[in-house]
Amino acid sequence: SSDVRAFEEAIARGELERAVALYAGPFLDGFFVPDAPEFERWVDRERDRLARAYAGALESLAEAAEREGDHRSAAEWWTRRAAHDPLDSRVALRLVRALDAAENRAGALQQAALHERLLHEELGIAPPAELSALTGRLRSAAPRAPVIERGGVPAAATTAPPQSVPTPPPSAATAEVAHDMAAPAPGR
């Protein structure tokens, strides 16, 4: 057996949480065979295929959590998806929305700023207008009143905030650093 086969079988059975737990990073990461261009092309195709399956599983889990109204879980899944591909603005937008829905506006603004910095430093581009508009609305929105649960304790005091990708120092804000923040198991 192999982790790749177990990952593919979990995806095929719809066991997405298991599949995500099995994904240990890029396929044959760091493995190189000199003078074998056909092998390298095959490895690249497999690496891309498996990475897409992993990303798809994370998105499916995040969207299922959103449909169930579990905003904290959705934010956690979107956080992992954003760490997998930190330059994907569509995913960054979904993460910012999920964090805000989970009542973590500060985390949402932090993620928007991280994404903006990554786009600027890595690609020399500005964030999409939709993300900038959402960030502006979040900054100008009135603070939310705390949700009071039984016993008069604010809900925020009884639950842990969703985990978010820490903001690296500006000099380290690269795709590699953001990818490493997902803390997957060592590569295959």
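Start at 1 with the first residue, then count along the sequence.
- With a 4.5 Å cut-off on side-chain heavy atoms, L95 and T79 count as touching.
- Between S89 and L119 the shortest side-chain heavy-atom distance falls below 4.5 Å.
- Residue F27 is not grouped with residue F32 when hydrophobic side chains (ILVMFWY) are merged at heavy-atom distances under 4.5 angstrom, including chains of intermediate members.
- Contact check for D44 versus R47: side-chain heavy atoms found under the 4.5 Å cut-off.
- In terms of heavy-atom proximity, L118 sits nearest to P86 at CD1-CB, 3.7 Å.
- Closest approach of F7 to L22, counting heavy atoms only: N-CD1, 3.8 Å.
- The main-chain N or O of A51 is found under 3.5 Å from a side-chain atom of H84 such that the two form a donor-acceptor pair.
- Using a 4.5 Å heavy-atom threshold, the side chains of R80 and Y54 count as touching.
- Among residues at least two apart or in separate chains, salt bridge (charged side-chain N to carboxylate O under 4.0 Å, His left out) pairs with a member in residues 123-139 are R97-E130.
- For the residue pair Q111 and V96, the shortest heavy atom distance occurs at CB-CG2, 4.2 Å.
- Between F39 and F31, the ring planes lie perpendicular to each other; the angle is over 60°, past the 30° to 60° tilted range.
- Here the closest heavy-atom approach between residue W77 and residue V20 is recorded as CZ3-CG1, 4.0 Å.
- Counting only residues at least two apart or in different chains, salt bridge (charged side-chain N to carboxylate O under 4.0 Å, His left out) contacts with residues 56-65 comprise E59-R81, E59-R90, E63-R94.
- For the atom pair NE2 (H71) and CG (N104), the distance works out to 13.0 Å, reported to the nearest 0.5 Å.
- In this structure, CD1 on I125 lies 11.0 Å from CD on E116, to the nearest 0.5 angstrom.
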Does the pair V91 and D85 meet the rule for a side-chain contact (heavy atoms from CB on, under 4.5 Å), with working shown?
-> CA-CA 8 Å; V91 171; D85 185 3; over 6 Å; no
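- When all heavy atoms of V33 and E40 are compared, the pair lying nearest together is N-OE2, 3.5 Å.
- The existence of a salt bridge linking D48 and R45 is excluded, since no basic side-chain nitrogen approaches an acidic carboxylate oxygen closer than 4.0 Å.
- One finds the CG atom of L58 at 12.0 Å from the CD atom of E76 (value rounded to the nearest 0.5 Å).
- For the pair W42 and E46, the minimum side-chain heavy-atom distance is below 4.5 Å.
- Put simply, CG on L134 and CG on D100 are 7.0 Å apart, with the number rounded to the nearest 0.5 Å.
- Summarising the geometry of A74 relative to A62, their closest heavy-atom pair is CB-O, 3.7 Å, with the distance given to 0.1 Å.
- Every pair passing side-chain hydrogen bond (donor to acceptor under 3.5 Å, both in side chains) that includes a residue from residues 5-21 is listed here, sequence neighbours excluded: R5-E9, E8-R49, R13-E15.
- Remark: L87 CG to H115 NE2 distance equals 7.0 Å, nearest 0.5 Å.
- How far CG of L61 is from CD of E66: 11.5 Å, rounded to the nearest 0.5 Å.
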